[in-house]
Amino acid sequence: MEWNAKLYENSHGFVAEYGKGLLEFVTPDPQQAILDLGCGTGTLTGELALRAGRVIGIDASPEMITAARRSFPQLEFLVADALELPFENQFDVVFSNAVFHWLPDHDRLLKNIRRALTPGGRLVCEFGARGNVGAIEDAFARACEEQGLRYASRFTFPEAGAFAQLLEANGFTPEVVMAYDRPTILKEGEHGLAHWMRQFFAGPLATMSAREQEAVLSRTEELARSKLWDGSAWVADYRRLRVVAHI
Ligand code: BEZ
């Protein structure tokens with residue numbers, strides 16, 4: 001997927017903002033090395049650098065890595081695929097915020113992470129749990145159908161129990177595997193949901209004509225309004241899976 005790094009940072013800075021809560025699971029240690037998997041524009045990589053001797057941020061998007069290098073020229077960033085990590089036995093912590101749900105194969109992902117960790121190393125991550133943005137996806141799918149289009153979700157939002165089992169099957173000992181609702185206020189008032197969709201449903205929207213795009217966006221708003229509009233802002237129905245596990 002192509003990312004608009006500026007739009008992401010200006011309108012969706014809450015992604016990194018919420019990720020800061022996850023940092024409390026990373027005990028500062030100047031001896032440790034941390035991999036920030038899916039670092040985006042590097043906001044949390046900068047925070048992780050204060051807790052480690054070495055930190056590397058990786059992202060599949062060259063545009064994000066360019067933005068991260070611009071903001072944090074003193075840090076190490078690399079364009080890399082999380083399903084093909086070029087690391088073995090190198091990191092004490094693999095940290096990841098709001099990334100796993102973009103990746104279709106969590107088994108392969110965990111195998112890559114395990115290989116990248118040193119013995120006793122920890123995975124600290126948070127991402128979309130089963131039901132995440134369900135009201136948005138349902139409304140968007142129905143709006144697409146009404147235009148004669150089909151929406152197939154590209155996200156992987158697992159249940160806590162299934163993910164805990166997958167961790168164990170890959171040699172991790174889960175410490176925390178917790179799903180929780182995290183309603184998230186979208187910026188830009190009335191335009192907030194459309195902005196969110198333009199960023200995160202950019203793939204499906206790109207396959208539509210301009211007329212279809214407008215019809216789908218405004219119909220999604222109509223369908224989702226009773227659940228997600230609180231009178232002054234759109235509140236996205238985020239549901240997170242928080243995970244801490246060691247090998
Ligand atoms: C999320 O962070 O949960 C998310 C973001 C964009 C689309 C779907 C989910």
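First listed ligand is number 1; within each ligand, the first listed atom is number 1. Source: prediction; values computed, not measured.
- Contact annotation for Trp196 and ligand 1: only side-chain heavy atoms (C-beta onward) come within less than 4.0 Å of the ligand.
- Relative ring orientation between Phe72 and Phe77 is described as tilted, the plane-to-plane angle lying within the 30° to 60° band.
- A heavy-atom separation below 4.0 Å is found between Trp102 and ligand 1.
- Ring-centre distance between Tyr151 and Phe201: below the 6.0 Å cut-off.
- Aromatic pair His106/Phe127: ring centres closer than 6.0 Å.
- The shortest separation from a heavy atom of Phe127 to ligand 1 is not under 4.0 Å, leaving the residue out of contact.
- Side-chain contact of Asn89 with Thr118: a donor-acceptor pair under 3.5 Å is absent, judged by distance alone.
- Using cut-offs of 30° and 60° on the angle between ring planes, the pair Trp102 and Phe155 is perpendicular.
- Checked by atom type and distance alone, the side chain of Trp234 pairs as donor or acceptor with a backbone atom of Glu190 at under 3.5 Å.
- Close approach of ligand 1 to Asn132 is summarised as follows: ligand atoms under 4.0 Å from at least one heavy atom of the residue are 1 (C), 3 (O), 9 (C).
- Taking a 4.0 Å cut-off on heavy atoms, Arg240 registers as neighbouring ligand 1.
- Taking distance alone, with nitrogen or oxygen atoms compared against 3.5 Å, His101 approaches ligand 1 more closely than that limit.
- Of all the atoms in ligand 1, the ones that sit under 4.0 Å from a non-hydrogen atom of Tyr238 are 1 (C), 2 (O), 3 (O), 5 (C).
- Of all atoms in ligand 1, listed by their number and element, those nearer than 4.0 Å to a heavy atom of Phe200 are 6 (C), 7 (C).
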